[in-house]
Q: 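Quick one: structure below, then a few questions.
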Amino acid sequence: MNKKRGQNNKNNENNKNNLTNNIDQIFDSFIKQTIFQNKLILQGNYTPETIPHREKQIAQVAAIIAPSLRLERPSNLFIYGLTGTGKTLVVQYIKNQLFKRAEKQNVSLIIPYINCKLKKVADTEYRILVELIGKLGEKVPATGLPTDQLYHRFLNLINRKKQIVILILDEIDQAVKKIGDEFLYNLTRINTELTNAQISIIGISNDLKFLDTLDPRVRSSLGEEEILFPTYNALQLQKILRDRAKDAFKPNILSEGVIAKCAAYAAREHGDARRALDLLRIAGELVERNNKRKITLDYIDKAKQKIEVDKIILAVETQPKQFQLTLLAIIELFKKNKEKNKIFTGDIYNFYRELCKRTRTEYLTQRRVSDIIAEFDMQGVINAKVISKGRYGRTREIRLDLPTNLLDKINHLLVDSLNL
DNA sequence: CGAGATTCATGTGAAGTATACCTTTAGGCTTAA
DNA sequence: AAGCCTAAAGGTATACTTCACATGAATCTCGTA
């Protein structure tokens, strides 16, 4: 991205009248020389026809929710496994199949899918309900209504006729971590108030120990059935990649060993298939951007770097202003005293106050900043631990395990977006 | 020298406040008979 | 008189503040060996 911008600038300086021409050229080269046959196939939300090495899990899930086709309530299901092990994919796949079948048999099924991780979309009980009702085709305000009224609306909405609702809650551990497990209890209890419809819940979690942290009541009802998704090994990853690459790229685009390398990288990170596919896709995009016709091994490395950078950059970019200021304070402090490698809340807060003064921004209290730091920790941007320094008090010890070049990038990004 | 008290800097919980937004309601205005 | 619009009243969620108390190991204190 940066590279492209740089080129544009240069052209711009050379001859402003040529600008549209140049853009045209860029577009042209994109259209003509694509090495992709169907890039969608490599994208994260694509559901392929077959899912290799997940036959057993598919069968299990299908067996568990099959009763819905007879309008019987399926057991609640809890699915867990590390990221990129195909949990969401399998569930989506079965959801589609189930829909087809339900249509044929004239059974009324509703299967809303909600990702609880999305900040500002579904990270409170209220917002999850808003999202849920929205999926059912009804608009509700983003604020202002009592939560239990949302429950009532939801209830009435699905109870209008005899039907089964299978609620899919992805990244459920994130939501519970943030807002507690009470909403799950409420959801599981809805059934007792439903006369026509029935609801069951599919919870998906990346956290293997998540179920243990739940309130026993919730645990027993949510975990009526449990399925573990094991990680893929390198060989399985290769098969997955090969299957998808076959249709995604035009022939003769991949050099020898590209797939193996992608698979090896992903296998090293607990067999994350999504990661492997991203690697392949990004590598392809990079190749295309450089007007080459062949994905070579070194592009995989480039793609790997780009993914890591992009992921964090995106996370940083989308933060609210106060969060950005806090993060900037953390990063600047780290750059200042590199040798120490750890900093404390108090230092951050002071520096943060200074930054606020510089940007003429209202500053938040330390109480709030403390919570913000805790949130960054949860998001995995920083690494914080509450420690006691004995006589010298108690604080969070914050570490930042990011490569320096990335650090600088974020730094610049923040400085830019905050107008410093 | 060691057990227990003290201390510091901030974590953390609860309650309160400001803001933005929602629904309800009542009054006022328009309209059409 | 019926219908519609508007503004006020009363309510909620969320982000933040204020207040108050909790934490936990380094350090201090003081009695004892």
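Below, chain A is the first sequence line, B the second, and so on; all start at residue 1. Values in this document were obtained by computation on a predicted structure and should not be read as measured data.
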Q: Does T85(A) offer a backbone N or O that forms a donor-acceptor pair with the side chain of R54(A) under 3.5 Å?
A: yes
Q: Mapping G346(A) and R367(A) to their closest nucleotides on DNA chain B, which lands nearer the 5' end?
A: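 Per heavy-atom nearest nucleotide, the more 5' residue is G346(A).
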Q: Heavy-atom count check: over 12 atoms from other residues, nucleotides or ligands less than 6.0 Å from Y113(A) OH?
A: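 Yes, OH of Y113(A) has more than 12 neighbouring heavy atoms, counting only those of other groups under 6.0 Å.
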Q: Determine: side-chain N/O of T124(A) to OP1/OP2 of dA13(C), distance under 4.0 Å, yes or no.
A: no
Q: OP1 or OP2 of dA13(C) sitting under 4.0 Å from any side-chain N/O of T147(A)?
A: yes
Q: Step through the shown structure and confirm whether more than 12 heavy atoms of other residues, nucleotides or ligands are within 6.0 Å of NZ on K239(A).
A: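 No - once you tally the heavy atoms of other residues, nucleotides and ligands closer than 6.0 Å, there are 12 at most.
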Q: Please check the phosphate of dT14(C) (OP1 and OP2 only) for any side-chain N or O of R368(A) closer than 4.0 Å.
A: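 It does not, given that no N or O in the side chain of R368(A) lies less than 4.0 Å from OP1 or OP2 of dT14(C).
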Q: Output the rounded distance in Å from CD1 (I343(A)) to C1' (dA9(B)).
A: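 Atom CD1 in I343(A) sits about 16 Å away from atom C1' in dA9(B).
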Q: Tell me whether the side-chain N/O atoms of T345(A) come closer than 4.0 Å to OP1 or OP2 in dG11(B).
A: yes
Q: Report yes or no: is there a donor-acceptor pair, N or O only, under 3.5 Å between the side chain of R391(A) and the base of dG24(C)?
A: no
Q: For Y363(A), answer base if it contacts any base atom (sugar-phosphate contacts may also be present), sugar-phosphate if it contacts only those atoms, and nothing otherwise; contact means non-hydrogen atoms under 4.0 Å.
A: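 Here Y363(A) touches the backbone only, sparing every base.
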Q: Under 4.0 Å: is that the gap between some side-chain N or O of T143(A) and OP1 or OP2 of dA13(C)?
A: no
Q: N76(A) side chain to I201(A) main-chain N or O, any donor-acceptor pair under 3.5 Å?
A: yes
Q: Check whether any side-chain nitrogen or oxygen of Y392(A) sits under 4.0 Å from OP1 or OP2 of dT7(B), and answer yes or no.
A: no
Q: Just N and O in the side chain of S370(A): are any of them under 4.0 Å from OP1 or OP2 of dG11(B)?
A: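 Yes, S370(A) has a side-chain N/O under 4.0 Å of OP1/OP2 on dG11(B).
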